[in-house]
Amino acid sequence: MPELPEVEAAARYLHDAISGRTLRQVTWLHASLQRGGTAAVEALVGTRVHRVHRVAKWQEIVFADGAVLVVHFRMTGDWSVTPSVEAPRHARAHFTFSGGRHLWLVDPRALARVEVRAPGVEARGRTGPDALDPTLDAATLRARLAGRRISVKAALLDQSVIAGVGNIYAAESLWHARIDPRTSAQQLSKARVARILDGIRWCMGLALDQIGRHQYGTATDRFAVYDREGEPCSRCGAPIARITQGQRSTYWCRRCQR
DNA sequence: TATGGCCTGTGG
DNA sequence: CCACAGGCCATA
(Lines give C-alpha, C1' and ligand atoms only; values in the text may rest on other atoms or scores of the structure.)
Protein backbone atom coordinates (compact mmCIF):
# COMPACT_ATOMS: atom_id res chain seq x y z
CA MET A 1 0.00 0.00 0.00
CA PRO A 2 2.51 2.41 -1.15
CA GLU A 3 2.86 6.09 -1.61
CA LEU A 4 6.21 7.80 -1.88
CA PRO A 5 7.56 7.05 1.62
CA GLU A 6 6.57 3.38 1.47
CA VAL A 7 8.04 2.99 -2.01
CA GLU A 8 11.24 4.67 -0.83
CA ALA A 9 11.49 2.19 2.02
CA ALA A 10 10.77 -0.72 -0.30
CA ALA A 11 13.43 0.42 -2.77
CA ARG A 12 16.06 0.64 -0.01
CA TYR A 13 15.06 -2.77 1.26
CA LEU A 14 15.40 -4.20 -2.23
CA HIS A 15 18.70 -2.45 -2.87
CA ASP A 16 20.19 -4.00 0.25
CA ALA A 17 18.80 -7.41 -0.67
CA ILE A 18 19.83 -7.76 -4.32
CA SER A 19 22.41 -5.21 -5.45
CA GLY A 20 25.51 -6.98 -6.68
CA ARG A 21 23.60 -10.21 -7.21
CA THR A 22 22.76 -11.85 -10.52
CA LEU A 23 19.23 -12.67 -11.61
CA ARG A 24 18.94 -16.42 -12.16
CA GLN A 25 15.27 -17.10 -12.83
CA VAL A 26 11.89 -15.44 -13.22
CA THR A 27 8.55 -17.17 -12.64
CA TRP A 28 5.13 -15.56 -13.10
CA LEU A 29 2.49 -16.56 -10.62
CA HIS A 30 -0.47 -14.47 -11.81
CA ALA A 31 -1.82 -13.84 -15.30
CA SER A 32 -2.18 -10.09 -14.77
CA LEU A 33 1.59 -9.63 -14.88
CA GLN A 34 1.92 -11.42 -18.19
CA ARG A 35 -0.05 -8.94 -20.23
CA GLY A 36 2.20 -6.61 -22.17
CA GLY A 37 5.03 -9.05 -22.59
CA THR A 38 7.32 -10.73 -20.15
CA ALA A 39 10.06 -11.77 -22.58
CA ALA A 40 12.07 -8.62 -21.89
CA VAL A 41 12.02 -9.35 -18.17
CA GLU A 42 13.09 -12.94 -18.69
CA ALA A 43 15.92 -11.69 -20.92
CA LEU A 44 17.46 -10.05 -17.85
CA VAL A 45 18.36 -13.48 -16.46
CA GLY A 46 22.12 -13.75 -16.16
CA THR A 47 22.59 -10.03 -15.53
CA ARG A 48 23.87 -8.47 -12.33
CA VAL A 49 21.94 -5.80 -10.41
CA HIS A 50 23.79 -2.54 -10.12
CA ARG A 51 21.41 -0.66 -7.83
CA VAL A 52 17.77 -0.03 -6.94
CA HIS A 53 16.25 3.41 -6.57
CA ARG A 54 12.93 5.21 -6.48
CA VAL A 55 11.42 7.67 -8.95
CA ALA A 56 8.08 9.00 -7.66
CA LYS A 57 6.10 5.80 -6.94
CA TRP A 58 8.19 3.72 -9.34
CA GLN A 59 11.09 1.51 -8.38
CA GLU A 60 13.94 1.12 -10.83
CA ILE A 61 16.16 -1.93 -10.64
CA VAL A 62 19.20 -0.95 -12.68
CA PHE A 63 21.18 -3.81 -14.16
CA ALA A 64 24.89 -3.81 -15.01
CA ASP A 65 24.20 -3.56 -18.73
CA GLY A 66 22.00 -0.47 -18.28
CA ALA A 67 18.66 -2.23 -18.64
CA VAL A 68 16.12 -1.16 -16.03
CA LEU A 69 13.38 -3.27 -14.49
CA VAL A 70 10.65 -0.78 -13.61
CA VAL A 71 8.14 -1.82 -10.95
CA HIS A 72 4.98 -0.09 -9.76
CA PHE A 73 3.23 -1.45 -6.67
CA ARG A 74 -0.10 0.30 -7.36
CA MET A 75 -2.39 -0.37 -4.36
CA THR A 76 -1.12 -3.43 -2.56
CA GLY A 77 2.29 -4.42 -3.89
CA ASP A 78 5.23 -5.24 -1.67
CA TRP A 79 8.52 -7.14 -1.65
CA SER A 80 9.38 -10.19 0.35
CA VAL A 81 12.87 -11.67 0.38
CA THR A 82 13.22 -15.21 1.66
CA PRO A 83 15.99 -17.80 1.91
CA SER A 84 13.73 -20.58 0.66
CA VAL A 85 11.50 -21.25 -2.34
CA GLU A 86 8.33 -21.30 -0.30
CA ALA A 87 6.00 -18.73 -1.84
CA PRO A 88 4.42 -16.26 0.56
CA ARG A 89 0.65 -15.74 0.41
CA HIS A 90 -0.34 -13.60 -2.60
CA ALA A 91 3.03 -13.95 -4.31
CA ARG A 92 2.55 -12.86 -7.96
CA ALA A 93 6.11 -13.16 -9.28
CA HIS A 94 9.22 -15.00 -8.15
CA PHE A 95 12.75 -13.82 -8.87
CA THR A 96 15.71 -16.00 -7.94
CA PHE A 97 19.07 -14.31 -7.42
CA SER A 98 22.60 -15.61 -6.97
CA GLY A 99 23.41 -16.70 -3.44
CA GLY A 100 20.06 -18.49 -3.12
CA ARG A 101 18.06 -15.40 -2.45
CA HIS A 102 14.40 -15.41 -3.43
CA LEU A 103 12.51 -12.22 -4.15
CA TRP A 104 8.73 -12.27 -4.28
CA LEU A 105 6.41 -9.61 -5.60
CA VAL A 106 3.55 -9.92 -3.12
CA ASP A 107 0.35 -8.22 -4.25
CA PRO A 108 -3.11 -9.36 -3.12
CA ARG A 109 -5.00 -7.30 -5.69
CA ALA A 110 -2.57 -8.11 -8.51
CA LEU A 111 -2.60 -4.58 -9.84
CA ALA A 112 1.18 -4.10 -9.74
CA ARG A 113 3.07 -3.64 -13.00
CA VAL A 114 6.53 -4.68 -14.12
CA GLU A 115 8.27 -3.61 -17.31
CA VAL A 116 11.72 -3.29 -18.81
CA ARG A 117 13.39 -0.17 -20.16
CA ALA A 118 16.16 -1.07 -22.55
CA PRO A 119 19.67 0.31 -22.01
CA GLY A 120 19.96 3.95 -23.02
CA VAL A 121 16.22 4.57 -23.26
CA GLU A 122 15.02 7.67 -21.45
CA ALA A 123 12.36 7.44 -18.75
CA ARG A 124 8.90 8.42 -19.91
CA GLY A 125 7.89 11.97 -19.19
CA ARG A 126 4.44 13.14 -18.14
CA THR A 127 5.25 13.22 -14.44
CA GLY A 128 5.75 16.32 -12.36
CA PRO A 129 8.57 17.00 -9.93
CA ASP A 130 9.16 14.47 -7.18
CA ALA A 131 7.28 15.44 -4.03
CA LEU A 132 10.49 15.35 -2.00
CA ASP A 133 12.60 17.22 -4.55
CA PRO A 134 14.36 19.79 -2.34
CA THR A 135 14.52 22.28 -5.20
CA LEU A 136 10.74 22.32 -5.62
CA ASP A 137 9.39 25.65 -4.40
CA ALA A 138 5.96 27.18 -3.88
CA ALA A 139 6.11 29.34 -7.00
CA THR A 140 6.82 26.30 -9.17
CA LEU A 141 4.09 24.20 -7.60
CA ARG A 142 1.62 27.06 -7.88
CA ALA A 143 2.43 27.42 -11.57
CA ARG A 144 1.75 23.71 -12.04
CA LEU A 145 -1.63 24.09 -10.32
CA ALA A 146 -2.61 27.13 -12.37
CA GLY A 147 -5.54 26.63 -14.70
CA ARG A 148 -6.62 23.35 -13.10
CA ARG A 149 -10.37 23.49 -12.60
CA ILE A 150 -10.27 20.70 -10.04
CA SER A 151 -10.03 20.59 -6.27
CA VAL A 152 -6.64 20.91 -4.67
CA LYS A 153 -7.06 17.36 -3.34
CA ALA A 154 -7.58 15.97 -6.83
CA ALA A 155 -4.68 18.05 -8.14
CA LEU A 156 -2.29 16.61 -5.56
CA LEU A 157 -3.22 13.12 -6.71
CA ASP A 158 -2.40 14.02 -10.32
CA GLN A 159 1.13 12.70 -10.88
CA SER A 160 1.69 15.17 -13.70
CA VAL A 161 1.32 18.03 -11.19
CA ILE A 162 3.51 16.57 -8.44
CA ALA A 163 4.76 12.99 -8.35
CA GLY A 164 4.57 10.68 -5.37
CA VAL A 165 1.57 12.01 -3.44
CA GLY A 166 -1.31 9.58 -2.98
CA ASN A 167 -4.66 9.53 -1.23
CA ILE A 168 -3.34 9.37 2.33
CA TYR A 169 -0.60 11.96 2.11
CA ALA A 170 -2.76 14.36 0.09
CA ALA A 171 -5.19 14.42 3.01
CA GLU A 172 -2.43 14.60 5.60
CA SER A 173 -0.68 17.45 3.78
CA LEU A 174 -3.86 19.50 3.53
CA TRP A 175 -4.61 18.95 7.20
CA HIS A 176 -1.16 20.20 8.11
CA ALA A 177 -1.62 23.19 5.78
CA ARG A 178 -5.10 23.90 7.26
CA ILE A 179 -6.63 23.99 3.78
CA ASP A 180 -10.09 22.77 2.77
CA PRO A 181 -9.53 19.88 0.31
CA ARG A 182 -12.41 21.16 -1.86
CA THR A 183 -10.62 24.43 -2.61
CA SER A 184 -10.14 25.04 -6.32
CA ALA A 185 -6.55 24.31 -7.29
CA GLN A 186 -6.21 27.39 -9.44
CA GLN A 187 -7.19 29.95 -6.83
CA LEU A 188 -4.61 29.14 -4.19
CA SER A 189 -2.34 31.97 -3.11
CA LYS A 190 1.39 31.44 -3.13
CA ALA A 191 1.37 31.46 0.68
CA ARG A 192 -1.21 28.68 0.77
CA VAL A 193 0.74 26.62 -1.77
CA ALA A 194 3.82 27.10 0.42
CA ARG A 195 1.86 25.68 3.35
CA ILE A 196 0.85 22.67 1.25
CA LEU A 197 4.47 22.06 0.30
CA ASP A 198 5.39 22.24 3.99
CA GLY A 199 2.59 19.79 4.70
CA ILE A 200 3.86 17.32 2.09
CA ARG A 201 7.38 17.46 3.50
CA TRP A 202 6.11 17.20 7.04
CA CYS A 203 3.94 14.12 6.60
CA MET A 204 6.29 12.31 4.23
CA GLY A 205 9.33 13.07 6.39
CA LEU A 206 7.46 11.79 9.39
CA ALA A 207 6.43 8.66 7.51
CA LEU A 208 9.99 7.95 6.37
CA ASP A 209 11.18 8.24 9.96
CA GLN A 210 8.44 6.00 11.29
CA ILE A 211 8.60 3.40 8.58
CA GLY A 212 12.31 2.94 9.25
CA ARG A 213 12.50 -0.05 7.03
CA HIS A 214 9.61 -1.94 5.60
CA GLN A 215 7.19 -1.83 8.52
CA TYR A 216 4.46 0.16 6.86
CA GLY A 217 1.51 -2.17 7.12
CA THR A 218 1.14 -1.55 10.82
CA ALA A 219 0.26 1.76 12.38
CA THR A 220 -2.59 3.91 11.20
CA ASP A 221 -2.00 5.93 14.37
CA ARG A 222 0.71 7.71 12.47
CA PHE A 223 -1.93 9.60 10.47
CA ALA A 224 -3.60 12.78 11.66
CA VAL A 225 -6.82 12.42 9.66
CA TYR A 226 -6.65 9.43 7.31
CA ASP A 227 -9.15 6.72 8.29
CA ARG A 228 -10.17 8.68 11.40
CA GLU A 229 -13.73 9.65 10.53
CA GLY A 230 -15.57 10.78 13.66
CA GLU A 231 -12.47 10.97 15.84
CA PRO A 232 -11.51 14.34 17.31
CA CYS A 233 -9.06 16.47 15.36
CA SER A 234 -5.78 16.44 17.27
CA ARG A 235 -5.48 20.18 16.70
CA CYS A 236 -8.95 21.56 17.43
CA GLY A 237 -11.06 18.67 18.70
CA ALA A 238 -13.78 18.84 16.03
CA PRO A 239 -14.77 15.47 14.56
CA ILE A 240 -12.84 14.37 11.47
CA ALA A 241 -15.11 14.26 8.41
CA ARG A 242 -15.04 11.96 5.39
CA ILE A 243 -16.17 13.14 1.96
CA THR A 244 -15.85 11.60 -1.49
CA GLN A 245 -13.84 13.34 -4.19
CA GLY A 246 -13.39 11.58 -7.53
CA GLN A 247 -14.45 8.19 -6.11
CA ARG A 248 -11.81 8.45 -3.36
CA SER A 249 -12.31 9.18 0.32
CA THR A 250 -10.96 12.42 1.69
CA TYR A 251 -10.57 12.81 5.45
CA TRP A 252 -10.34 16.31 6.87
CA CYS A 253 -11.28 18.68 9.68
CA ARG A 254 -14.14 21.01 8.79
CA ARG A 255 -13.23 23.39 11.57
CA CYS A 256 -9.52 24.04 11.10
CA GLN A 257 -9.16 23.40 7.36
CA ARG A 258 -10.49 26.39 5.43
C1' DT B 1 -12.57 16.58 -16.50
C1' DA B 2 -15.25 12.63 -14.98
C1' DT B 3 -15.96 7.67 -15.24
C1' DG B 4 -15.31 2.65 -15.47
C1' DG B 5 -12.12 -1.06 -15.34
C1' DC B 6 -8.42 -3.62 -13.60
C1' DC B 7 -8.01 -7.41 -9.25
C1' DT B 8 -8.69 -9.51 -4.67
C1' DG B 9 -9.55 -9.06 0.09
C1' DT B 10 -11.69 -7.24 4.36
C1' DG B 11 -15.10 -5.41 7.29
C1' DG B 12 -19.77 -3.77 8.26
C1' DC C 1 -24.85 -8.78 0.58
C1' DC C 2 -22.51 -4.31 -0.08
C1' DA C 3 -18.92 -0.68 0.32
C1' DC C 4 -14.45 0.21 0.26
C1' DA C 5 -9.33 -0.30 -0.33
C1' DG C 6 -2.44 3.95 0.21
C1' DG C 7 -3.23 3.77 -8.18
C1' DC C 8 -3.40 4.38 -12.73
C1' DC C 9 -5.07 4.01 -17.52
C1' DA C 10 -8.24 4.09 -21.35
C1' DT C 11 -12.26 6.03 -22.70
C1' DA C 12 -16.13 9.31 -23.39
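First the proteins, then the strands, lettered A, B, ... as listed; each starts at 1.
Taking atom CD of residue A:E3 and atom P of nucleotide C:dA5, one finds them 13 Å apart after rounding to whole Å. At whole-Å resolution of the value, CG in A:N167 and C1' in C:dC8 are 13 Å apart. A straight line from CD of A:Q59 to P of C:dC8 spans 13 Å, rounded to a whole angstrom. In this structure, A:D78 places its CG atom 15 Å from C1' of C:dG7, rounding to the nearest Å. The CD atom of A:E229 sits 10 Å away from the P atom of C:dA5 (whole-angstrom rounding). With rounding to whole Å, A:Q245 atom CD is found 15 Å from B:dT1 atom P. Distance OH (A:Y169) to P (C:dA5): 16 Å, rounded to an integer number of Å. Note: CZ (A:R248) to P (C:dA5) measures 8 Å, nearest angstrom.
Taking atom P in both B:dG5 and C:dC2, the straight-line distance is 16 Å, to the nearest Å. With P as the reference atom, B:dC7 and C:dC4 are 22 Å apart, rounded to whole Å. Nucleotides C:dC8 and B:dT10 are separated by 22 Å at their C1' atoms, to the nearest Å.
A:Y251 pairs by the ring pair (Phe, Tyr, Trp, His ring centres under 6.0 Å) definition with A:Y226, not counting sequence neighbours. Applying the salt bridge (Lys or Arg N to Asp or Glu O under 4.0 Å) rule to A:D133 yields no partners; only residues at least two apart in sequence or on another chain are considered. Contacts of A:R117 classified as salt bridge (Lys or Arg N to Asp or Glu O under 4.0 Å), with partners at least two apart in sequence or in another chain: A:E60. Every ring pair (Phe, Tyr, Trp, His ring centres under 6.0 Å) that A:H176 has, sequence neighbours left out, goes to A:W202. Listed by chain and residue number, nothing satisfies the salt bridge (Lys or Arg N to Asp or Glu O under 4.0 Å) test with A:R51 (two or more places apart in sequence, or in another chain). Scored by the salt bridge (Lys or Arg N to Asp or Glu O under 4.0 Å) test, A:R109 finds no partners at all (sequence neighbours excluded).
A:I150 comes within contact range of the sugar-phosphate backbone alone, with a heavy-atom separation under 4.0 Å but no base atom that close.
The distance from atom SG of A:C256 to atom CD1 of A:I179, rounded to the nearest 0.5 Å, is 12.0 Å.
Here A:D158 pairs with A:R148 in a salt bridge; the nearest charged N to carboxylate O distance falls below 4.0 Å. Between A:E231 and A:R242 there is no salt bridge, since no side-chain N of the basic residue sits under 4.0 Å from a carboxylate O of the acidic one.
Within the structure, every side-chain polar atom (N or O) of A:Q247 is placed at least 4.0 Å from both OP1 and OP2 of B:dA2.
For DNA chain C, each stem of at least three Watson-Crick or G-U pairs (distances under 3.5 Å) is given as range with range: B:1-6 with C:7-12, B:8-12 with C:1-5.
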Would you mind building the protein contact string for nucleotides 5-12 of chain B? One character per nucleotide, 5' to 3', B for base within reach (heavy atoms under 4.0 Å), S for sugar-phosphate only, - for untouched. -BBBSS--
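Residue pairs meeting the ring-ring contact (aromatic ring centres under 6.0 Å, His included) criterion with at least one member in residues 17-71 of chain A, sequence neighbours excluded: A:W58-A:H72.
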Review item, side-chain donor-acceptor pairs of residues 233-241 of chain A, under 3.5 Å, at least two apart:
unit_1 : atom_1 : unit_2 : atom_2 : d
A:R235 : NH1    : A:W175 : O      : 2.9
A:R235 : NH2    : A:W175 : O      : 2.8

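The nucleotide whose nearest atom lies closest to any side-chain atom of A:Q159 is, among C:dA5, C:dC8, B:dG4, C:dC8.
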Where do N or O atoms of nucleotides 1-4 of chain C meet protein N or O atoms at under 3.5 Å, pair by pair?
unit_1 : atom_1 : unit_2 : atom_2 : d
C:dC4  : OP1    : A:R242 : NH2    : 3.4

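Through side-chain heavy atoms spaced under 4.5 Å, either directly or across other Ile, Leu, Val, Met, Phe, Trp or Tyr residues, A:V106 is tied to A:L29, A:W104.
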